[in-house]
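Whatever order the structure lists ligands and atoms in, that order sets their numbers, starting from 1. Side chains included, hydrogens not; waters and symmetry mates left out as well; all remaining heavy atoms used.
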Amino acid sequence: MRLPKDFIMGGATAAYQCEGESKAHGKGRVAWDDYLEKQGWFSPDPASDFYHKYPVDLDLCKQFGVNGIRISIAWSRIFPTGEGEVNQEGVDFYHAMFKKCRENGVEPFITLHHFDTPNELHKNGDFLNPHTIDCYERYAKFCFEEFKDDIRYWFTFNEIWPVSSGQYITGTFPPGEKYDVVKTVESMHNMMVAHARAVIAFEEGGYEGQIGIIHSLETKYPYDEKKPGDVLAAEREDALTNQFLLDATFLGYYSENTLKHINFLYELENKTFAPKEEDMELLKKAAACNDYLGINYYQSHFVQEYNGESQIHHNGTGAKGTSVYRLKGISEHMFKEGIDRTDWDWLIYPEGLYDQIMRIKKQYPNYKAIYITENGMGYKDDFKDSTVDDEPRIDYIKRHLQWIAKAIEGGANVKGYFVWSLMDMFSWSNGYNKRYGLFYIDFETQERYPKKSAYWYKEVSETKEV
Ligand code: BGP
């Protein structure tokens, strides 16, 4: 199968996962700093030392046909407490790095928020507190103006469902709370309001370039299609995790079907979902301002009805078969015969990406364009003879690219793909043994080594043949 000639073959990164220097050069603390220290987990320093090594990484991009890079700006490098005084050293760092991108012919795609709200705002409720929305809008406006000559492609947020549910349902993200669906929905709604205010500001600022948002869209299927309970569970989980955000993004209101499920979940807690009218006006106005959608896709879920008490075990070590996901009134995630999964129990199901793209095309025909902003395989790389033979990763990426090509053939406007990740880096709740990169990093020496997948990716980038 063939991808379009001008298809971007990119690599994805995120500031906190690769930069290192997380408490230096005037950078303010983020909630993750305390959280990781308290848990005695992993250190985000030096991670992949991108702060110093970006010239090397961008040179590798050039050599290996990677012509786009997703980079996030660390909010607390620019505004150490989330608001107030600007840290000029942070601003200078990003100018220099963006310049290097251009010199290497690598188009930078910038994410403004990738899980790293400054601590001062996070400890006061993060996006549950409307003050964070005000600060986020100011930060976004500052970046649009400051980097207007460097950047053409912007994303307001990375993955609103995973960050909100990580904070309040699975407890794997700070503040580490569990099973609170209502807080999760409130946080998602407020983040969508922040997104709306940013895209409206971008449009009103008359900036050149384009803007959109990245959603993690995991496709939900009933475990047993013949069981109405499973069918309902899949529909409800989709409404909560996908459709809620897609409605907010592209319709500018929550559809009746979405509200039916959200209201059901609120009623379980004797609460009412009542977004403010002014919020809804902003969403409505912003729905016309999205130039594209970023889709992060790693896996789909096969779900069955579940009404017992919630129970989640996060497999963060790669002990295959240990993950448990049961959410009261929503669903239980099942393994399915014939569908392989990674050591971290992520189901490998490339058709799910195709189904999701075609769903956007059909359900939200005003989407304009799609970038696949993350996709890739966490793998326990075996580093031998200065490389890694990561055939399973190649197979994973290839199959997903084939389904993307098929979606394009079917009329979907997909313009690029960013493999997660460009190089190995820190994984939020899995540390350093879950590697994703095209380039292996020896975290002791910070040397980079192309894996077999890097050579394969280069060939695809040159031929567009998958
Ligand atoms: C996405 C995040 C990334 C990255 C990736 C892999 O949800 O946007 O930041 O971490 O998932 O996830 P993990 O590192 O948990 O395997």
Per-pair distances, ligand 1 N/O vs protein N/O, less than 3.5 Å:
unit_1	atom_1	unit_2	atom_2	d
ligand 1	7 (O)	Glu159	OE1	2.5
ligand 1	7 (O)	Glu159	OE2	3.0
ligand 1	8 (O)	His114	NE2	3.2
ligand 1	8 (O)	Asn158	ND2	2.9
ligand 1	8 (O)	Glu159	OE1	3.4
ligand 1	8 (O)	Glu159	OE2	3.4
ligand 1	8 (O)	Glu374	OE1	3.2
ligand 1	8 (O)	Glu374	OE2	2.9
ligand 1	9 (O)	Gln17	OE1	2.6
ligand 1	9 (O)	His114	NE2	2.8
ligand 1	9 (O)	Trp428	NE1	2.9
ligand 1	10 (O)	Gln17	NE2	3.1
ligand 1	10 (O)	Trp428	NE1	3.4
ligand 1	14 (O)	Ser427	OG	2.5
ligand 1	15 (O)	Asn430	ND2	2.9
ligand 1	16 (O)	Lys434	NZ	2.7
ligand 1	16 (O)	Tyr436	OH	2.5

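- Applying the side chain to side chain contact (heavy atoms under 4.5 Å, CB included) criterion to Phe335, with sequence neighbours excluded, gives Ser323, Arg341, Asp345, Leu347.
- By the 4.0 Å N-to-carboxylate-O rule, Asp134 lies too far from Arg138 to be salt-bridged with it.
- Taking the side-chain hydrogen bond (donor to acceptor under 3.5 Å, both in side chains) definition, one finds that Asp390 meets it with Arg393, Ser453, sequence neighbours left out.
- Salt bridge status for Lys451 with Glu391: absent, with no side-chain N to carboxylate O gap under 4.0 Å.
- A salt bridge links Arg77 with Glu19; the closest basic N to acidic carboxylate O contact falls under 4.0 Å.
- Residue pairs meeting the salt bridge (Lys or Arg N to Asp or Glu O under 4.0 Å) criterion with at least one partner in residues 157-173, sequence neighbours excluded, do not occur; the list is empty.
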